[in-house]
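Before any comments, here is the structure.
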Amino acid sequence: MVTYGVVTALSLQENGEELLPGLDDLDIRLTLLLLATSLATASAYFLFILNTKFVGTSCLYCLSSAFISFTLFFIRLKVCAFLKHNSAFLFFI
């Protein structure tokens, strides 16, 4: 839950709120990508453990966390790809 809070604070900072002073846009984007990757990896591992060690059980928190983690991960990948594409486009103008 702490990591989700940090992701929320960094996302707000990226959108103009000044919650964490001293961070530039590149630091925020890379940190968000790292956190989203870590969350998605941990969620995948926990779902693997849930499905192999506790066969037949389900965990609403685990499934919700995995959904949120993978959603954040894919959003960050899309943002990074969009920024990379636009920066390459602006370089040639």
Side-chain angles (χ1 to χ4, degrees):
M1 289 178 64
V2 172
T3 306
Y4 288 126
V6 172
V7 168
T8 302
L10 287 171
S11 297
L12 288 173
Q13 175 121 2
E14 186 179 32
N15 290 327
E17 299 288 327
E18 188 65 32
L19 298 175
L20 303 169
L23 293 174
D24 63 354
D25 287 341
L26 182 61
D27 289 339
I28 292 171
R29 278 184 258 149
L30 291 176
T31 304
L32 282 170
L33 182 61
L34 174 71
L35 289 173
T37 304
S38 299
L39 284 169
T41 304
S43 292
Y45 175 71
F46 294 142
L47 285 177
F48 172 76
I49 296 297
L50 182 69
N51 287 327
T52 57
K53 301 292 183 187
F54 304 101
V55 178
T57 61
S58 65
C59 171
L60 184 61
Y61 173 76
C62 300
L63 295 174
S64 300
S65 177
F67 176 75
I68 292 168
S69 298
F70 279 100
T71 302
L72 286 171
F73 175 69
F74 288 120
I75 288 171
R76 293 315 314 172
L77 280 181
K78 186 174 182 177
V79 167
C80 288
F82 176 76
L83 292 173
K84 183 178 178 184
H85 175 71
N86 281 346
S87 66
F89 177 73
L90 292 174
F91 178 75
F92 289 112
I93 291 179

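Nothing fancy with the numbering, it's 1 onward along the sequence. Basis for what follows: all heavy atoms, side chains included, without hydrogens, waters or symmetry-related copies.
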Single-linkage hydrophobic cluster Ile75~Phe70, side-chain heavy atoms < 4.5 angstrom: no

From Arg76 atom CZ to Leu39 atom CG, the distance as rounded to the nearest 0.5 Å: 12.5 Å

Close side-chain approach of Phe67 and Thr71, heavy atoms under 4.5 Å: yes

Residues that Ile68 engages under side-chain contact (heavy atoms from CB on, under 4.5 Å), provided they are two or more places apart: Tyr4, Leu72

Name the atoms and distances for all side-chain donor-acceptor pairs under 3.5 Å in residues 47-62, with sequence neighbours left out.
{"residue": "Asn51", "atom": "ND2", "partner": "Leu47", "partner atom": "O", "Å": "3.2"}
{"residue": "Thr52", "atom": "OG1", "partner": "Phe48", "partner atom": "O", "Å": "2.8"}
{"residue": "Thr57", "atom": "OG1", "partner": "Phe54", "partner atom": "O", "Å": "2.7"}

For the student: nearest non-hydrogen atoms of Ser69 and Ser43, plus distance: OG-OG, 3.1 Å

Shared hydrophobic cluster for Leu32 and Phe73 (ILVMFWY, side-chain gaps under 4.5 Å): no

Evaluation steps, side chain to side chain contact (heavy atoms under 4.5 Å, CB included), between Leu77 and Leu33: CA-CA 7 Å; Leu77 280 181; Leu33 182 61; 4.2 Å; yes

